[in-house]
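Single-structure report; data block below.
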Protein chains: 2
Amino acid sequence: MDSVPTAPDDRTGRARIRDAALRRFGDDGVDGTSLRVIADDAGVSPALVVHHFGSKAGLVRDCDEHVVATTRRAKQQAMATGAGLDALGSLREAEASRPLLRYLARRLVDHSPQVATLVDELVTDAQAYLATGEDTGMIRPTSDPWGRAAVLTIWSLGALVLHEHVARLLGADLTEDTAGLVAYSRPAVEVLGSGVFTEDIAASLQAAYDDLAQVPAPDASTDQHPPHLTAEPPPGIG
Amino acid sequence: MDSVPTAPDDRTGRARIRDAALRRFGDDGVDGTSLRVIADDAGVSPALVVHHFGSKAGLVRDCDEHVVATTRRAKQQAMATGAGLDALGSLREAEASRPLLRYLARRLVDHSPQVATLVDELVTDAQAYLATGEDTGMIRPTSDPWGRAAVLTIWSLGALVLHEHVARLLGADLTEDTAGLVAYSRPAVEVLGSGVFTEDIAASLQAAYDDLAQVPAPDASTDQHPPHLTAEPPPGIG
DNA sequence: CTTGACGCTGACTAAACGTTCAGCCATAAT
DNA sequence: ATTATGGCTGAACGTTTAGTCAGCGTCAAG
């Protein structure tokens with residue numbers, strides 16, 4: 001109807017509007033941004049925005065899809081080169097992707113089905129990467145591969161969402177420069193390397209949690225796929 | 001002027017309005033909630049909201065202060081009983097604090113000075129707790145106490161902010177029931193216990209990060225206080 | 001030259017928003 | 001009996017919002 005399936009005319013106002021929306025939405029949130037300021041930033045009239053995207057919700061959906069698609073592309077490239085654990089990997093390095101990261105950080109707390117499926121994919125990829133890391137002896141074995149992948153991904157994304165607090169606490173912004181990534185990653189890999197608990201304490205804590213849950217522990221023989229998935233399937237893998 | 005310093009009349013509409021605001025703000029965000037629906041939930045007129053709180057911003061400020069004060073109270077209680085690592089500790093157990101947690105999760109991504117100082121306090125407390133844990137042999141030593149405390153706190157808060165994703169991935173909501181806390185904590189303590197990297201990989205990774213930063217490593221002799229603090233001092237310690 | 005499609009705009013509408021204000025109805029002091 | 005206080009309301013205020021619509025200019029095709 002209103003959306004072009006594969007738009008070849010993306011060098012016109014459409015792209016400018018989406019870029020402006022991405023930046024504004026990332027900085028001030030969706031609700032905190034009016035179509036007027038987006039149109040102003042893009043140098044077009046407010047009417048053109050709705051002409052192209054149907055509505056504000058349509059514009060947000062388009063931004064979601066664009067960010068998710070770009071992230072998927074960067075992800076596949078990262079999987080090839082083996083970036084691995086860092087969920088957003090190579091996406092951080094590109095200067096142009098800074099508004100993209102900020103937008104994603106904002107949208108992670110809203111209810112966006114596209115972003116939700118993206119998170120699910122990130123966890124799945126992390127689990128796969130951790131599994132191959134186990135095989136090559138880089139990663140420790142675990143009794144709960146999915147849970148571990150989920151927790152590590154959530155931590156990584158959580159740090160992105162709270163990047164302003166990270167910047168204040170650690171002195172460098174994750175979405176600004178690579179220095180920020182280093183300032184955050186160094187203490188992170190220290191914890192991820194050897195843990196925080198001493199060995200005996202760790203053992204007793206795990207035993208306590210195994211007691212708390214009815215099942216003694218997630219069995220390795222059990223299907224290690226996610227127990228609860230998003231309803232929606234990945235959209236445009238083709 | 002408009003705000004009562006220590007309100008003794010909090011059993012009237014004031015408390016009902018704030019509770020309704022807390023719940024709505026937590027569910028739909030501040031921008032996504034109108035004074036009208038808050039007034040409706042509280043069973044009062046919209047005019048009474050601004051009569052009590054001066055403006056919508058005043059209501060938000062009151063909510064912030066209430067949540068921060070409640071969290072501080074729960075925190076001190078937790079420090080006494082020794083809950084420790086979990087930043088929000090005993091706050092999770094109370095059924096009544098569920099809207100409070102959701103509100104905090106939402107406000108963590110907005111620019112709220114009160115919440116920012118609360119986060120700083122949580123990191124400081126975590127650092128203190130980790131230090132005593134080191135002394136009693138429960139916690140491993142670290143070259144960067146502040147960084148480790150910051151990262152661990154950010155991870156904990158990040159999981160709270162992304163509680164919907166955690167719920168979808170792990171099958172239980174951190175803000176809903178204690179089962180959610182267990183579902184999340186079990187893989188978390190596994191990672192926090194022994195780490196994810198094998199020993200040699202962890203060592204080489206740390207060496208790589210030490211090379212990346214100019215300074216070889218944060219020296220233990222250096223002042224271990226936060227390098228970047230919030231401008232605002234803690235408000236009402238008295 | 002005419003036609004039609006497309007990118008695009010200015011002027012507009014209706015709704016929702018935060019906020020204001022005059023005043024009601026209690027209770028309590030004078 | 002009168003006055004004052006404070007919780008509280010209904011009706012409106014002006015502003016901002018997303019979305020509509022008729023129509024502009026441009027460019028390629030017939």
- prompt: Do the charged groups of A:Arg16 and A:Asp19 touch, with an N to O distance under 4.0 Å?
  reply: no
Cation-aromatic face contact B:Arg14/B:Phe53, 6.0 Å, 45 degrees: yes
- prompt: For the pair made of CZ in A:Phe53 and C1' in D:dA18, what is the distance, rounded to whole Å?
  reply: 16 Å
- request: Could I get the full list of side chain to side chain donor-acceptor pair (under 3.5 Å) partners for B:Ser45, not counting sequence neighbours?
  value: none
Polar atom pairs (N or O), protein with nucleotides 8-10 of chain C, under 3.5 Å:
residue	atom	partner	partner atom	Å
C:dC8	OP2	A:His52	NE2	3.4
C:dT9	OP2	A:Ser45	N	2.7
C:dT9	OP2	A:Ser45	OG	3.1

query: Mind checking whether A:Tyr103 and A:Phe25 have parallel, tilted or perpendicular rings, split at 30° and 60°?
result: tilted
- prompt: Can you tell me if CZ on A:Arg98 sees more than 12 non-hydrogen neighbours from other groups inside 6.0 Å?
  reply: yes
Atom pair distance, as rounded to whole Å: CD1 in B:Ile38 and C1' in C:dC17: 13 Å
field: Lys/Arg-Asp/Glu bridge criterion (N-O < 4.0 Å) met for B:Arg168, B:Asp173
entry: no
- line: Sorted by number, residues from residues 22-37 of chain A placing a heavy atom under 4.0 Å from DNA chain D are A:Thr33, A:Ser34, A:Leu35, A:Arg36
- line: Here the distance between atom P of C:dA16 and atom NZ of A:Lys56, to the nearest Å, is 15 Å
message: Which heavy atom of B:Thr117 sits nearest to which heavy atom of B:Arg72, and what is that distance?
response: OG1-NH2, 4.5 Å
message: Between A:Asp41 and A:Arg23, does any side-chain N to carboxylate O distance fall below 4.0 Å?
response: no
